[in-house]
Amino acid sequence: MNRPVALILAILAGASPAAAGEATEAVRRFYEPVEGGEWLPEHRDRFTEPAVAIFEKNDKLSNNGEELGCLDFALSIDAQDYDQETVDRTLGFSEVVTGDQAEVTATFEHFPDQQEEPSAIVWNLRRIDGAWKVADIASPERGWRLSEFDCE
């Protein structure tokens with residue numbers, strides 16, 4: 001291949017839309033239909049501090065699942081009620097990775113007739129031993145951050 005053709009191909013490859021990265025794929029799993037919530041013990045391996053500490057405090061408040069703790073909604077959706085088909089249809093992601101830190105923003109609508117702007121959830125991740133783990137989750141729209149929940 002001659003140099004001008006190789007240069008053009010390299011430029012085109014760099015100009016193509018970025019594919020979803022590994023950090024986005026780690027977050028995308030939370031938007032698949034799940035029974036319960038992100039804070040359940042079977043999902044803990046997907047998290048790191050400070051999220052894990054909040055989940056452990058929530059566990060103590062929930063009295064072994066008999067009562068609600070400080071977390072009583074789907075963090076990934078920022079709601080208790082939503083239409084899964086609408087979330088699936090409107091779900092989009094953006095990702096910014098800086099070394100072993102990543103911020104993934106998920107945007108979506110809750111219901112087919114939603115009149116307001118799509119909702120956004122910001123996921124902060126850390127790469128630990130080669131795997132992306134969620135450190136924090138936030139809703140800029142509603143002003144909450146998981147690491148700031150009062151689960152005492």
Side-chain angles (χ1 to χ4, degrees), residues 13-152:
S16 65
E22 293 175 12
T24 294
E25 293 309 313
V27 169
R28 185 184 309 273
R29 297 177 4 188
F30 291 103
Y31 289 91
E32 297 167 357
V34 182
E35 287 296 315
E38 297 85 353
W39 61 87
L40 294 175
E42 56 264 31
H43 303 298
R44 292 288 158 81
D45 63 332
R46 301 178 188 184
F47 291 90
T48 190
E49 297 301 332
V52 171
I54 298 296
F55 293 152
E56 288 172 353
K57 290 177 182 179
N58 183 68
D59 291 348
K60 289 178 184 172
L61 289 175
S62 72
N63 193 21
N64 295 323
E66 297 296 317
E67 300 173 23
L68 288 177
C70 63
L71 304 173
D72 62 351
F73 64 97
L75 300 170
S76 60
I77 304 294
D78 191 19
Q80 291 176 327
D81 298 317
Y82 55 91
D83 177 66
Q84 186 68 50
E85 287 182 15
T86 301
V87 172
D88 292 345
R89 181 179 47 78
T90 61
L91 185 60
F93 296 96
S94 63
E95 173 183 295
V96 177
V97 176
T98 306
D100 286 338
Q101 307 268 337
E103 181 177 280
V104 175
T105 301
T107 56
F108 52 88
E109 294 178 8
H110 289 100
F111 296 102
D113 57 354
Q114 183 168 324
Q115 300 298 312
E116 64 269 4
E117 292 292 314
S119 296
I121 299 295
V122 178
W123 300 74
N124 296 106
L125 297 96
R126 290 189 200 123
R127 189 179 357 235
I128 299 172
D129 297 328
W132 287 104
K133 307 279 184 170
V134 177
D136 210 354
I137 307 169
S139 170
E141 178 183 1
R142 300 233 170 101
W144 60 259
R145 176 170 289 286
L146 177 62
S147 61
E148 296 172 357
F149 271 73
D150 183 15
C151 291
E152 299 298 328

Item checked: V52 side chain near K133 side chain, heavy-atom distance below 4.5 Å -> no

Checklist line | Min side-chain heavy-atom separation Q101-N124 under 4.5 Å | finding: no

Can you tell me how far [atom2] of [Y] sits from [atom1] of [X], rounded to the nearest 0.5 angstrom?
X	Y	atom1	atom2	answer
S147	D136	OG	CG	3.5 Å
F108	I121	CZ	CD1	5.0 Å
K57	L71	NZ	CG	11.5 Å
E95	L125	CD	CG	8.5 Å
I77	L91	CD1	CG	7.5 Å
I137	L75	CD1	CG	5.0 Å

Margin query: Could you check, using the six-membered ring where one of them is a Trp, whether F47 and F30 have ring centers closer than 6.0 angstrom?
Written below: yes

Item checked: Salt-bridge contact E25-R28 (side-chain N to carboxylate O under 4.0 Å) -> yes

Checklist line | Passing candidate, side chain to side chain contact (heavy atoms under 4.5 Å, CB included) with I54, options D59, L146, D150 | finding: L146

Check: Between D78 and S119, does any side-chain donor sit less than 3.5 Å from a side-chain acceptor?
Finding: no

Between the side chain of [X] and the main-chain N/O of [Y], is any donor-acceptor distance below 3.5 Å?
X	Y	answer
E109	P112	no
E85	R89	no
D100	R126	no
R127	G99	yes
E116	Q114	no

Could you tell me which non-hydrogen atom of [X] sits nearest to which non-hydrogen atom of [Y], and how far apart they are?
X	Y	value
A102	A23	CB-CB, 3.7 Å
F111	D83	CE2-N, 3.8 Å
Q84	Y82	OE1-CE1, 3.3 Å
V122	P140	CG2-CG, 3.7 Å
C151	N58	CB-N, 4.3 Å

Next item on the list: List for me each residue that meets side chain to side chain donor-acceptor pair (under 3.5 Å) alongside W123, sequence neighbours excluded, and say none if there are none.
Entry: Y31

